[in-house]
Amino acid sequence: MPEQADDLMARAVEIMTENDRGSYTVPTKGLYPYQWNWDSCLTALGQAHFDEARAWTEIETLMAHQWPCGMVPHIIFHEKSDSYFPGPDTWQTGRPVPTTGITQPAVAGFAMARLLSRAKDRSAALRRARALLFKVSAWHDWFYRTRDPQGTGLVAIIHPWESGRDNSIDWDAALARVPTEGLEPFTRQDILHANPDHRPTQAQYDRYIWLVQHFRGLGWDTSRLHDASPFRVVDPGFNAILIRACDELADLAMELGETELAARNRAYAERGRAALESLWDDKLEQYLCFDRAIGAAVDSPSIGGILAVFAGLPDHRVDALARRVGLLARRCGFLVPSHDPAAKGFESLRYWRGPVWLVVNYMIADGFAKAGHRQVAKHIDDDSLRLIAESGFAEYYDPITAEPCGGGRFTWTAAMVLEILNGQKAAA
Ligand code: GLC
């Protein structure tokens, strides 16, 4: 087994190096030729195992493109490329280096805390953490200011792409309410790089682009977009990541003597954690999304409601989620499917409507391990590694057959393999 682990780690480093563009890493060649927000933060965790300094650079490059309002965009278009739609000409956000105008899960605070806690060069890490601290905190402030204007403790996403789970069944009903009148004609590129049967449908794409056009029409004034968006959904997984990042940032700020910033982030986390309770569903024994535009829960058993464990939850909720994961394990070959295989709408090969994604597995396993559920965490990690052994470093996998899907030689998948294997090594 150790030789196999060494071989997997060597292959992971090779993929990450191949996708490294110097100061940022592309998710994979062709399909995703730019820098993606949460990809980069999770990528940095993997990079730290073989090049600590480079890992900090990955997050610094991302944060260098933060907007003055505090938002950190979901894609930075560092270089021109014809292989991706919608590119800078569609977004038209007017930034010096073009970016999109929406955000993605706020992994940065968690990632930098983890880099610091493991740093071999601690003084360099402290210096770099201090410089990032204020930027990441400004992003958290932005979230609670603009995406939770009523002060509920939970933030909403205003575009499915913000969730990172682009075409989840969670968004179907809310997205169906988004109009398509006035949509400018466009040509998709994703279906030239990946199997169209695995990608979002055209009806979904039309609405994704309509929302972009709508926000563009409002001049990308992020203080107006939440209320002006017909799509406003509260995702427990997205909030859990933000809550965890606020907590980690609060610890880090205390360490650096920034007590005010620490107190603010701690308050966000505590309020958010308390508010998550409103998303619990007794029938399904997991959290559910909430459609803020119509004020109703979204009856859809997706992985977003399990990822909530990453926030740090009361014991009885973690126990219930562990039972839920046990049930899912009996319904598929590989944990954790992005949608319950027994539920309506599940598709084993279509992107976020069923397949397994290693990054989400990683955060769920981390949440369970932190809460003392080591067996569940190990089950998930083992399944992640079995997927790699059977099917290589793909973008995502069929949870029943392990078929590799989407882009190949995928950066964040490789990063997660380095995280899991090095974690196991350290624990042995
Ligand atoms: C897809 C995923 C998203 C990811 C991006 C780049 O859009 O849904 O989560 O950030 O690809 O890998």
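Start at 1 and go down the list; that is how both ligands and their atoms are numbered. Remember, it's a predicted structure, so these values are computed and weren't measured experimentally.
Two residues are said to be in side-chain contact when any heavy atoms from C-beta on lie closer than 4.5 Å; Pro73 and Ile76 meet this criterion. In this structure, the side chains of Met112 and Trp56 come closer than 4.5 Å at one or more pairs of heavy atoms.
Using a 4.0 Å cut-off between a side-chain N of Lys or Arg and a carboxylate O of Asp or Glu, Glu184 and Arg216 qualify as a salt bridge. Ion pairing between a basic and an acidic side chain is recognised when a charged N comes within 4.0 Å of a carboxylate O; Arg386 and Asp383 show such pairing. Using a 4.0 Å cut-off between a side-chain N of Lys or Arg and a carboxylate O of Asp or Glu, Arg264 and Asp141 qualify as a salt bridge.
Not a single heavy atom of His74 sits under 4.0 Å from any atom of ligand 1.
Those atoms of ligand 1 that come under 4.0 Å of a heavy atom in Trp36, given as number and element, are 5 (C), 6 (C), 10 (O). Atoms of ligand 1 found under 4.0 Å from any heavy atom of Trp38 (numbered from 1 in listed order, with element): 3 (C), 4 (C), 9 (O), 10 (O). The atoms of ligand 1 that sit less than 4.0 Å from any heavy atom of Pro27 are 6 (C), 12 (O). Interface atoms of ligand 1 facing Phe410, defined by a heavy-atom separation under 4.0 Å, are 12 (O).
On a distance-only criterion, Arg165 and ligand 1 share no N/O pair closer than 3.5 Å. Taking distance alone, with nitrogen or oxygen atoms compared against 3.5 Å, Gly164 approaches ligand 1 more closely than that limit.
Ring orientation note: the planes of His78 and His65 are nearly perpendicular, at an angle over 60° on the 30°/60° scale. In this structure, Tyr205 and Phe186 have tilted ring planes: the angle between them lies in the 30° to 60° band.
Residue, atom and distance of the protein heavy atom nearest to atom 10 (O) of ligand 1 are Asp39 OD1, 2.6 Å. The protein heavy atom nearest to atom 7 (O) of ligand 1 is Asp166 OD2, 2.7 Å. Of the protein's non-hydrogen atoms, Tyr351 OH, 2.9 Å is the one closest to atom 1 (C) of ligand 1.
Counting all heavy atoms, side chain and backbone alike, Leu45 lies closest to Glu419 at O-OE2, 3.5 Å.
Here Trp412 has side-chain heavy atoms under 4.0 Å from ligand 1, and that is the only part of it that gets that close.
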